[in-house]
Amino acid sequence: MVKRNYRERLICMEHDSGSSSPHSRLWTKDFWLISLATFFHLFSFQMLTPTLPTYVQTLGASEGVIGLVTGLFAASALMVRPFIGRELDRRGRRSIYRLGLVLFALAVLTYRWAYSPGWVLTVRLAHGFAWGVATTAAGTIVTDLVPPERRGEGLGYYGMFMNLALAIAPAAGLYIIYHYHYPPLFYASTGLALVALYLATRLGQDRPSATSQRAPQGASALFEPGAVFAGILVLLLSFAQAGIGTFLQLHAQQRGVPNVGAFFTVQALALMCVRPLAGRTFDRRGPGVVVIPGLCVVIVALLMISRASSLAWFLFGGLLYGMGHGALLPSFQAMSVANLPPERRGAANATYFSALDLGVGAGSIALGLVAQGWGFSTMYVAAAATILLSLIIFLLARPAPAPQATARLSEEEPGRLRA
């Protein structure tokens with residue numbers, strides 16, 4: 001019996017669900033629009049990632065409170081995602097996506113008048129709610145648009161737009177606060193969110209198969225068991241990521257590097273280079289070839305960052321971290337929706353992104369407490385230990401191949417695979 005690869009099994013299962021496309025076209029108008037909208041949305045968000053902690057610090061907050069600012073944001077997004085996933089499967093994707101972007105822009109603008117840590121925490125809750133709505137919808141839209149046999153590749157390219165925002169936005173945000181202070185930062189972030197909203201209004205209508213009367217009702221509509229394994233992995237990855245997004249600038253300042261904005265640029269450039277290659281490798285050879293090296297590289301990067309004492313070492317750590325992260329995120333997201341019919345993709349994306357939010361929230365709070373008690377270097381070692389745990393889990397519990405799918409594929413779709 002000929003052994004088929006992971007890409008072929010995905011095609012077969014999508015064929016059985018009735019959701020596959022007769023064509024493998026990736027770069028459609030809607031794919032461009034959702035990618036560009038995501039770029040501007042992420043640019044708006046990433047400008048605030050390294051700057052909000054310093055803003056809250058100027059208001060007199062401790063490291064623990066700074067971690068809570070990120071933690072509450074993630075908790076708010078986590079609370080809304082399951083319900084949004086259910087509504088995406090019932091009502092469609094586009095209108096919910098636009099609503100999320102409207103709320104996101106309003107929340108960002110409101111930071112302009114948040115003059116105490118307590119007010120920042122309040123706005124952060126609303127900001128996280130809007131983020132949860134918009135990103136769950138965007139993730140579901142893109143998994144609808146990408147051909148199933150090119151899902152890893154498509155999500156890799158989609159992620160490049162996110163990485164391009166990551167390459168520019170943190171450094172841009174830091175530049176603005178150093179030269180113009182915080183109010184212009186919040187205005188610029190709001191403007192970018194409005195650009196994303198305009199692009200979202202240009203998206204076409206939902207595909208007829210994007211929602212279905214077959215979507216489960218009640219509690220089962222809020223949760224997709226098929227996305228749990230990928231969710232656990234991304235939870236642990238995002239737990240460690242919280243140490244980068246929330247505390248890197250403060251860690252660098254303590255180590256004598258006043259502005260580490262270039263770290264995010266190097267990280268994002270590495271992400272952009274790795275993601276398409278990792279996506280194609282995932283489609284052709286399965287997740288193990290991508291995930292295992294990616295996790296190992298992230299561990300090394302976090303240990304390097306923990307001991308970095310110059311900008312050059314921070315940048316080298318950012319390069320390695322970007323390479324590992326770029327291989328892992330599209331792989332985990334593709335795993336979360338593999339073999340699922342369209343009416344379950346909203347719930348699957350909600351489950352996946354809820355796990356991501358839970359990791360960011362728990363990581364921000366827990367790592368903030370570690371940093372407050374033992375310092376930032378120890379905190380990054382703890383983050384590396386979290387990634388080691390995810391590697392162990394993947395090695396012990398990764399899903400086995402599906403021989404039934406392989407057999408049906410050889411009978412039903414040989415022409416499509418040759419094409």
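Since the structure is predicted, the reported quantities are computational estimates derived from the model, not experimental observations.
- For the pair Y321 (side chain) and Q267 (backbone), a donor-acceptor distance under 3.5 Å is absent.
- Classification of the F161-W32 ring pair by plane angle, with boundaries at 30° and 60°, yields perpendicular.
- Taking all atoms of both residues into account, the shortest heavy-atom contact from S44 to L48 is O-CG, 3.8 Å.
- For A114, the side-chain contact (heavy atoms from CB on, under 4.5 Å) test picks out W119, V120, V123, with sequence neighbours left out.
- In this structure, CG on L388 lies 10.0 Å from CD1 on I393, to the nearest 0.5 angstrom.
- In this structure, the separation between CG on L99 and OG on S95 is 8.0 Å, given to the nearest 0.5 Å.
- Proximity of P50 to L174: side-chain heavy atoms (C-beta onward) are separated by under 4.5 Å at one or more points.
- Not a single side-chain hydrogen bond (donor to acceptor under 3.5 Å, both in side chains) links S76 to another residue, sequence neighbours left out.
- Between Y157 and W27 the shortest side-chain heavy-atom distance falls below 4.5 Å.
- A ring pair (Phe, Tyr, Trp, His ring centres under 6.0 Å) with Y55 holds for exactly one of Y115, Y111, F186; it is F186.
- The aromatic rings of F104 and W131 lie tilted to each other, with the angle between the two planes from 30° to 60°.
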- Take I305 and L248 through the side-chain contact (heavy atoms from CB on, under 4.5 Å) test and state the conclusion after the steps. CA-CA 9 Å; I305 291 168; L248 184 72; 4.0 Å; yes
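- The two residues Y380 and G243 make their nearest non-hydrogen contact at OH-O, 2.6 Å.
- Nearest heavy atom pair, residue C296 against residue L391, reads SG-CD2, 4.0 Å.
- Between L237 and S390 there is no side-chain heavy-atom pair separated by less than 4.5 Å.
- Of all heavy-atom pairs spanning G231 and A355, the tightest one is O-CB, 3.1 Å.
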- Task: Take I244 and L302 through the side-chain contact (heavy atoms from CB on, under 4.5 Å) test and state the conclusion after the steps.
- Result: CA-CA 9 Å; I244 300 292; L302 288 168; 4.1 Å; yes
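- Rounding to the nearest 0.5 angstrom, the gap separating the OH atom in Y182 from the CD1 atom in I177 is 4.0 Å.
- Between F129 and L125, the closest side-chain pair of non-hydrogen atoms is not below 4.5 Å.
- Using a 3.5 Å distance cut-off with no hydrogens or angles, the side chains of R81 and T136 do pair a donor with an acceptor.
- Listed for the T190 side chain is a donor-acceptor partner under 3.5 Å among the backbone atoms of L109.
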- Query: Should F43 and L164 be marked as a side-chain contact (heavy atoms from CB on, under 4.5 Å) after you check the CA-CA gap, both sets of side-chain angles, and the distance that decides it?
  - Reply: CA-CA 8 Å; F43 200 116; L164 182 59; over 6 Å; no
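- Under the salt bridge (charged side-chain N to carboxylate O under 4.0 Å, His left out) criterion, the residue pairs touching residues 29-52 are D30-R94, with sequence neighbours excluded.
- Between the H41 side chain and the A134 main chain, no donor and acceptor come within less than 3.5 Å of each other.
- Judged by distance alone, with hydrogens and angles left aside, the side-chain atoms of R93 form a donor-acceptor pair with the main-chain N or O of L88 at under 3.5 Å.
- V300 meets the side-chain contact (heavy atoms from CB on, under 4.5 Å) test with L320; sequence neighbours excluded.
- The CG atom of L36 lies 10.0 Å from the CZ atom of F31; values are rounded to the nearest 0.5 Å.
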- Could you walk me through whether F239 and L367 pass the side-chain contact (heavy atoms from CB on, under 4.5 Å) check? CA-CA 9 Å; F239 185 100; L367 294 176; 4.0 Å; yes
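- Within the model, atoms OG1 of T51 and CG of L185 stand 4.5 Å from one another, a figure rounded to the nearest 0.5 Å.
- Nearest heavy-atom pair across L303 and A384 is CD2-CB, 3.8 Å.
- Counting non-hydrogen atoms of neighbouring residues, nucleotides and ligands closer than 6.0 angstrom, the OH atom of Y178 exceeds 12 such neighbours.
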- Item | Derivation and outcome, ring pair (Phe, Tyr, Trp, His ring centres under 6.0 Å), residues Y180 and Y187 | CA-CA 12 Å; Y180 304 103; Y187 294 141; over 10 Å; no
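- Contact between A107 and A126 at its shortest, heavy atoms only, is CB-C, 4.2 Å.
- In this structure T38 satisfies the side-chain contact (heavy atoms from CB on, under 4.5 Å) test together with I34, L42, Y97, A138, Y158, M162, sequence neighbours excluded.
- The neighbour count for M304 CE, taken as heavy atoms of other residues, nucleotides or ligands under 6.0 Å away, is above 12.
- L197 is linked by a side-chain contact (heavy atoms from CB on, under 4.5 Å) to R98, L101, V102, L194, counting only residues two or more places apart in sequence or in another chain.
- Remark: L356 CG to L329 CG distance equals 7.0 Å, nearest 0.5 Å.
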